[in-house]
Structures are given as C-alpha cells and as structure tokens.
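So the structure is just underneath, and the comments pick up after that.
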Protein chains: 2
Amino acid sequence: MVRMNPDLRRESIVAATLAVMQRQGIAATTVRDVAAELGTSSGLIHHYVTSMDELITEAFERAAGEDLERAAAAVGSGSEPIERLRRFFESYTRADDDSGMQLWLDTWAEAARRPALQQASRRLNEAWQRLLCTLIEDGCAGGVMGSDDPEGTAWRLLSLLDGLTLQCVAHGDTVTPEQVMLWSHRAAEMELGLPQGTLT
Amino acid sequence: MVRMNPDLRRESIVAATLAVMQRQGIAATTVRDVAAELGTSSGLIHHYVTSMDELITEAFERAAGEDLERAAAAVGSGSEPIERLRRFFESYTRADDDSGMQLWLDTWAEAARRPALQQASRRLNEAWQRLLCTLIEDGCAGGVMGSDDPEGTAWRLLSLLDGLTLQCVAHGDTVTPEQVMLWSHRAAEMELGLPQGTLT
DNA sequence: GGAGTTATTGGACAGGTGCGCAATAGTGAT
DNA sequence: ATCACTATTGCGCACCTGTCCAATAACTCC
C-alpha cells in the first residue's frame, strides 16, 4: 500500500467529488459514487472527510474559487477598460462550460438546504460583484464609461447575466450563449453610457 | 366510506402535494409526506396518481398556471401601458410570496433531471415572455414607449428579473424585493426609452 | 524479524425512497 | 341479502442513502 501524503489524498477525493457533481448534479452525488470514481471503497472517503456535506461544499469552493481566480487574472488591470469588461462577461457566463453552468444552477437551489454551501455561495457571489464593481469604477475614473451608482450597476448587470445563464442552462435551445453575450453587452452599454456596439 | 368524485379527490391530492412542495422543496417531497398532509395512507396516492413525477409536475403546472392567469388578468389591456408594465413586474417577481419564489428556483434546478417538469417549465416561461412582449408592442404602437426589438427586449427584462429574483431568494439580506422592483424599473426605462423615474 | 501506525476494505446498520398488492371497509343497485 | 364495485389501508419489497466499524493490508521504524 502506497503511503500517500494525506493532504494529497484528500485533494484527490475532492477532485473526484467535483467530477461526479458536474456529471450527476449535487443532490445525486453519493459517497459510493465518489468512491467508484476513485476506484476505492466508500469507507475510505470517511477516513479523510467527516461528512458528505463538507465534501460537497469543499468541492464547490474549489471549483468556484478557481473560476474566480482565472477571471481575476483575465480581467487584470493591465489592459483597456472596455476589453477588461468584455473578458469579465466571458468569464462569468462560463459559456464554454456546460457542466459548469449546470453546477452553478444546482448550487443556487441546493444552497437553500445546505447552510455551509449557502455561505460559500454567498462569499463567491460577493467576490464577483467586487471584481465587476472595481472594473466599473476604474472605467469611470478613466472617463471611459459613466455610472452614478457603480455598485447598483454591477448588481444589475450580474443579475442580468444570472438570468440569461438560467435560461441558457435550462432552455438551451431558446437562448444561446451568443445571445447571452450580445444582450449583456447591450445592457452594459446602456448602463454605462457607452455608444451601442462598443462592446460587441 | 364517503364516495367522492374521483376528479375532486385527485385535485385535493395535487393541492396537498403543492403545499408540501412549497414547504419542503421539490426534491424532499415524498409520497408519504403528501399522504400525511391529507391524513391518509400512501397507497391511496398511487390509486389516483401513477407516479411521483407526474404528481410533482401536475402540482407545479397548477400553481404556475394560476400565477400566470392572475398576472394576465392584472395586466389586462384595459389600462395605460405604463401601469400595465408596472403590474407585470409585480406579478412576475412574486415579491409577496417567499415560498413561491423558492419553488420557482427549485423548479429550474429540478427541471434538468425531470423531463416532464422541464417541458412544463418551458411552456410557462414562453407564456410569460409572450405576455410581456405583447405589452411592449402595445406600448410601442401607442407611441408611449419604443423598442427596435420587442422580443429581445422582453427576454432581456425577464432575464434581469430572473437574476434579481435568484439573488433575492438565495441571499435575501443582500437584495430586497424593493430593490428588485427599483432596478427592474430602471432597466425597463433604459430599454424602452422612457424618462428615468417614469415607472417608479 | 517484530512492533506500532496508518490505509483500506467490505459489510452492517438504521433510516429513507417509490411502488405494488392482498386484505378490508364502505357504497349503491338488485 | 346479495352482488359488483370502488376506496382505503397498511404492510412488504427492492433499492438507495450516510455513517460507522471490525478486520485486514501495507508501510515505517526499531
């Protein structure tokens, strides 16, 4: 039996959990499924993790945290405000990642019944809002865009993106990712006093 | 044993199911819970209903259909376009009904795993879109408001409302129903070329 | 080699799920 | 009173869930 670093073992369990969650949804993710994904037994999972709830929350935090970090890097303060805004939208909508979108929706619903998950979800939500808010404030300071209430504008735009993503993930044939980008661009142009077509 | 009209009995089962769904969420609604709500046995449920899936879908359709009918009546073509729009927003956000909002979110997530529910959800979704679209077109025809793409505008506004409702139901202390109304009004004013403050 | 420690297994446990079914209670017509 | 019929019960079935635990395997250190 290979003696692994316990932290690494835990890490691989969390990764397997995430994979199962993306494939089957949070509610349908069971200890035995995770064990099968790793090719081990269910008892082992509980040797490294105290409860299923903890495992699910940790897997979500890992995935969502990485998404956020990637976005923060892509939106980095180096380039032009308009371009940064465009990149933010692309990162947030996860348009290239079906299973990610599904998991995102799942989290909203499950959060109501899993306090730990709700807390994690809220933290992530606020971090995204802060990222966009800073971005808008930078643009305003540079005179590229305008908003009399950057925080409110950020919430409105994020809510629009949430709603569009909702349509996309649940009724994908009615609203496509391309429309999500187009419509969010138009809304942002209106909100920020940009000439129509600036973002697209 | 009182011999009831079978349709009435079925009706009461659906009503009980809806009550349990609103209280516990769709995923946690079981045959035994519904039976307990009615004060009968679980076997009786299956005497009138073939499967749990069917029961859940029917309960959702009933509740959502009634919501839509109420909204259509409230938005009736009698009054002024601006007032009709305001009433539409109020109806759609279900701001006065916490359990209704929770069920709405639940439906989105569950739809991914219950085909029948997904179909029902989609039908309802399109009906709401049509209602708002007609409303916008009426306003445009009357010269009260303007939009170069009524259908797109309707989708955008509904998506914004969805996103705001999402925030409201999951993180209620961050986004209040009042803000949902205010922000959706502002967005609608921008979209429809109305002077700021017209709706509020 | 053996001792001590950890990793891992596989199954037991109590509880829950949807569904089906034989048995019973009640009803209305004859 | 008898009959056919329906309503209703309550339990059984097979399956699934998270969690726990004794037994075993593998490793490290002496």
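Below, read A as the first sequence line, B as the second, and so on, with proteins coming before strands; counting in each chain starts at 1. Because the structure is predicted, anything quoted here is derived from the model rather than measured. Basis for what follows: all heavy atoms, side chains included, without hydrogens, waters or symmetry-related copies.
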Kindly determine whether B:W155 and A:Q167 satisfy side chain to side chain contact (heavy atoms under 4.5 Å, CB included), including the steps that lead there.
CA-CA 9 Å; B:W155 277 119; A:Q167 295 286 346; 3.8 Å; yes

Taking the side chain of B:S42 as its heavy atoms from C-beta onward, which of C:dG20, C:dT8, C:dG11 lies nearest to it?
C:dG20

Of all of residues 16-39 of chain A, which get a heavy atom below 4.0 angstrom from DNA chain D, listed by number?
A:T29, A:T30, A:V31, A:R32

B:M145 CE to B:E191 CD distance, which is reported to the nearest 0.5 Å:
12.0 Å

Choosing from D:dT9, C:dA7, D:dA7, which nucleotide comes nearest the side chain of B:H47?
D:dA7

For the residue pair B:F88 and B:Y92, categorise the inter-ring angle as parallel (less than 30°), tilted (30 to 60°) or perpendicular (more than 60°).
parallel

Along DNA chain D (nearest heavy atom to each residue), the more 5'-positioned of A:T50 and B:S41
B:S41

If the cut-off is 4.0 Å, is A:H46 near the phosphate of D:dC20, judged by side-chain N/O to OP1 or OP2?
no

Strand-adjacent residues in residues 56-64 of chain B, judged by heavy atoms under 4.0 Å from DNA chain C:
none

Nearest to the side chain of A:S51, which nucleotide is it out of C:dG18, D:dT19, D:dA7?
D:dT19

So, OP1 or OP2 of D:dT6: does either fall under 4.0 Å of a side-chain N or O from B:R9?
no

State, yes or no, whether a side-chain contact exists between B:N125 and B:W108 at a heavy-atom distance under 4.5 Å.
yes

Are A:M101 and A:I56 in one and the same hydrophobic cluster, where Ile, Leu, Val, Met, Phe, Trp and Tyr link if side-chain heavy atoms are under 4.5 Å apart?
no

Let's see if you get this right: which residues in residues 107-116 of chain B place a heavy atom under 4.0 Å from DNA chain D?
none

Euclidean distance, B:L105 CG relative to B:C168 SG, rounded to 0.5 Å
11.5 Å

Can you confirm whether A:E151 is buried at CD, in the sense that more than 12 heavy atoms of other residues, nucleotides or ligands lie under 6.0 Å from that atom?
no

Given A:S121 and A:T107, is the side chain to side chain donor-acceptor pair (under 3.5 Å) satisfied, shown in steps?
CA-CA 7 Å; A:S121 158; A:T107 306; over 6 Å; no

Gap between atom OG1 of A:T40 and atom CZ of A:R9 - 0.5 Å precision
6.5 Å

Within a strict 4.5 Å, meaning less than it, do heavy atoms of the A:Q179 and A:L164 side chains meet?
no

Any non-hydrogen side-chain atom of A:T17 less than 4.5 Å from a side-chain atom of A:E58?
no

